[in-house]
K.L.:
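I have a structure I would like to understand better, so I am pasting it below and will then ask my questions one at a time.
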Amino acid sequence: WPLEIWSPEELQVRCPQVDLNNRASSAKENFSVKAAIYSPADGQVHPTELTHALISAAEDRGVTFHYDAEVTKLKISGQHCCGVQTPQGDFEADWVILSAGLGSAGLSELSDVEGHEPLELMPVLGQAMEIHLPEVLGREDFQPVINGDDIHLVPLGKGHYWIGATVEFPNYLGTEIDPRWLSVAEAGVLEADRLVNLRRGAEGFVGAIAQAKVIKTWSGLRPRPVGQPAPVIKPLGNLGNVILATGHYRNGVLLAPATAQQICEWLKESL
C-alpha cells in the first residue's frame with residue numbers, strides 16, 4: 001500500500017486538530033511530533049454492522065443459527081468428528097469450524113484424540129468510548145483515523161468519534177488483569193479509571209477532545225494465542241474435519257475475509 005511521510009508542517013495543514021508540541025501522556029514524558037505517516041488506501045468498517053451483515057448474508061444462503069447453544073461435546077469417532085452435542089440437541093456435521101473467540105480454547109479441550117494439544121488463549125482486556133463534539137475536528141473535508149501512542153481516534157461523522165483501545169495483559173506478561181473484574185460492581189469502578197486514562201491519552205495529541213461529551217463506553221476481552229502467532233487457522237490435532245479459525249487478537253474484523261477464504265479452500269479441497 002502507498003504510504004506518505006509528512007513533516008510536522010504538512011501534518012499541521014492537513015490535520016490542524018493534532019497538537020504538535022508539548023504532547024502530554026500519563027504513561028510517557030512530553031514530546032513533540034517529529035513526523036506522521038499517512039496511508040491513503042486505508043479505510044474503516046463498523047464491526048457491529050459488519051457482523052449483522054454477515055449474519056444476514058449467511059441466512060440468505062441457508063445457514064441456521066442456534067444462539068445460546070453451548071457446545072458440551074465434540075462427538076468423535078476415530079480421527080473424525082461426526083457432530084456436536086448441545087443442550088438444544090445433537091447436530092451432525094461433515095466439518096466443524098471452531099471460531100468462538102476465547103471460548104475456542106475450551107472447545108478444543110472437548111477432543112481427546114492422539115496428537116492433540118488443547119489450544120491456549122490469553123484474555124487481553126480492551127476498552128473504548130464514543131464521544132461527541134459540537135464541531136468536527138480539523139478540516140471537515142478530511143477526517144482520517146488518527147493513531148498516536150497506540151490510541152486510535154476514529155471519525156464516525158457529525159462530530160462523533162471513537163477512542164480506543166486500551167491493552168491490558170495478564171500478570172505473567174507484565175501487567176495484570178485485575179481479579180476485581182470478576183465483580184460486576186468493582187469492574188465498573190476499574191473501567192471508569194481506565195477510560196479516564198484512555199481519554200487523557202487521546203487529549204495528549206488532540207487537545208479539543210477535553211471538551212467532548214462521552215456518549216457510551218464498552219470493554220471486552222480479546223483472544224490472544226499463547227506460544228504461536230495470531231490468528232490460529234489450522235486443523236485441530238489429527239482430527240481431519242475440525243478446523244481452528246480463532247485467536248485473531250486485535251485484528252478479527254480485518255482478517256475475517258482472509259480467514260473465510262482459507263477455510264473455504266480447505267473445504268473445497270475435501271470435495
Side-chain angles (χ1 to χ4, degrees), residues 1-2 39 41-86 88-124 126 145 220-271:
W1 299 109
S39 178
D42 273 13
Q44 61 169 290
V45 62
H46 193 297
T48 303
E49 293 180 6
L50 173 63
T51 301
H52 288 312
L54 291 174
I55 291 173
S56 296
E59 289 176 334
D60 289 343
R61 291 180 172 229
V63 174
T64 300
F65 289 86
H66 298 272
Y67 296 101
D68 300 317
E70 179 185 1
V71 175
T72 57
K73 184 179 180 180
L74 298 181
K75 302 174 68 175
I76 307 298
S77 176
Q79 299 296 315
H80 186 83
C81 179
C82 54
V84 298
Q85 186 179 81
T86 79
Q88 296 183 9
D90 294 354
F91 297 92
E92 295 183 358
D94 296 319
W95 286 84
V96 175
I97 314 299
L98 301 185
S99 283
L102 284 170
S104 301
L107 291 174
S108 73
E109 296 177 357
L110 298 178
S111 165
D112 185 16
V113 296
E114 183 180 352
H116 165 57
E117 294 184 3
L119 174 67
E120 186 177 358
L121 295 173
M122 171 197 313
V124 181
V145 175
L221 296 173
R222 308 180 185 95
R224 184 177 188 269
V226 176
Q228 58 185 309
V232 180
I233 305 176
K234 64 181 183 181
L236 179 62
N238 291 330
L239 290 173
N241 66 328
V242 180
I243 298 177
L244 293 165
T246 189
H248 288 70
Y249 188 29
R250 303 178 70 185
N251 294 304
V253 171
L254 295 175
L255 297 179
T259 302
Q261 290 173 354
Q262 177 65 66
I263 299 301
C264 285
E265 288 301 317
W266 279 338
L267 298 183
K268 289 178 182 178
E269 292 174 2
S270 70
L271 297 178

K.L.:
Any donor and acceptor pair, going by atom type alone, linking the side chain of Gln228 with main-chain N or O of Glu120 inside 3.5 Å?
P.N.:
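No, because the side chain of Gln228 does not come within donor-acceptor range (under 3.5 Å) of the backbone of Glu120.
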K.L.:
Identify each donor-acceptor pair in which a side-chain atom of residues 259-268 lies under 3.5 Å from a protein atom, sequence neighbours left out, and give them as a table.
P.N.:
from, atom 1, to, atom 2, distance (Å)
Thr259, OG1, His248, NE2, 2.8
Thr259, OG1, Leu255, O, 2.7

K.L.:
Side-chain contact test, heavy atoms from C-beta onward, threshold under 4.5 Å: evaluate it for Val145 versus Asp42 and give yes or no.
P.N.:
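Of all side-chain heavy-atom pairs linking Asp42 with Val145, none is under 4.5 Å.
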K.L.:
Taking all heavy atoms of Thr246 and all of Ala100, pick out the closest pair and write down the distance.
P.N.:
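Scanning both residues, the minimum pair turns out to be OG1-N, 4.2 Å.
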K.L.:
Can you give me the closest heavy-atom contact between Cys81 and Leu239, atom names plus distance?
P.N.:
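Scanning both residues, the minimum pair turns out to be N-CD2, 4.4 Å.
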K.L.:
Do Pro225 and Leu121 have side-chain heavy atoms sitting under 4.5 Å apart?
P.N.:
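Yes, their side chains come closer than 4.5 Å.
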K.L.:
Quick one: salt bridge (Lys or Arg N to Asp or Glu O under 4.0 Å) pairs with a partner in residues 230-259, sequence neighbours left out?
P.N.:
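Listed by first then second residue: Asp150-Arg250.
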K.L.:
If you take all heavy atoms of Ser99 and Ser104, which pair is closest and at what distance?
P.N.:
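Heavy atoms of Ser99 and Ser104 come nearest at C-OG, 3.8 Å.
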K.L.:
When you measure from the side chain of Asn241 to the backbone N and O of Asp94, does any donor-acceptor pair fall under 3.5 Å?
P.N.:
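Present.
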K.L.:
Please report the closest heavy-atom contact between Ser108 and Leu119, naming both atoms and the distance.
P.N.:
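In this case the closest contact between Ser108 and Leu119 is OG-N, 2.9 Å.
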K.L.:
Which heavy atom of Ala93 sits nearest a heavy atom of Val96, and at what distance?
P.N.:
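Smallest heavy-atom distance, with atoms named: CB-CG2, 3.9 Å.
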K.L.:
Do you know the tightest heavy-atom contact between Ile97 and Ala245?
P.N.:
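Scanning both residues completely, I find the closest heavy atoms to be CG2-CB, 4.0 Å.
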K.L.:
Can you tell me how far the CG atom of Leu236 sits from the CG atom of Leu244, to the nearest 0.5 Å?
P.N.:
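Here the rounded value is 5.0 Å.
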K.L.:
Drop me the distance from Asp90's CG to Lys75's NZ, to the nearest 0.5 angstrom.
P.N.:
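It comes to 4.0 Å.
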K.L.:
How many angstroms lie between atom CG of Leu107 and atom CD of Glu70, to the nearest 0.5 angstrom?
P.N.:
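These two atoms lie 8.5 Å from each other.
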K.L.:
At what distance, to the nearest 0.5 angstrom, does CE of Met122 lie from CG of Leu102?
P.N.:
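Separation between the atoms: 10.5 Å.
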K.L.:
Please tabulate, one pair per line, all N/O donor-acceptor pairs under 3.5 Å involving side-chain atoms of residues 47-64, not counting sequence neighbours.
P.N.:
from, atom 1, to, atom 2, distance (Å)
Thr51, OG1, Pro47, O, 2.9
Ser56, OG, His52, O, 3.1

K.L.:
Please tell me if the side chains of Leu74 and Leu110 come closer than 4.5 Å, counting only heavy atoms from C-beta onward.
P.N.:
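A side-chain contact under 4.5 Å exists here.
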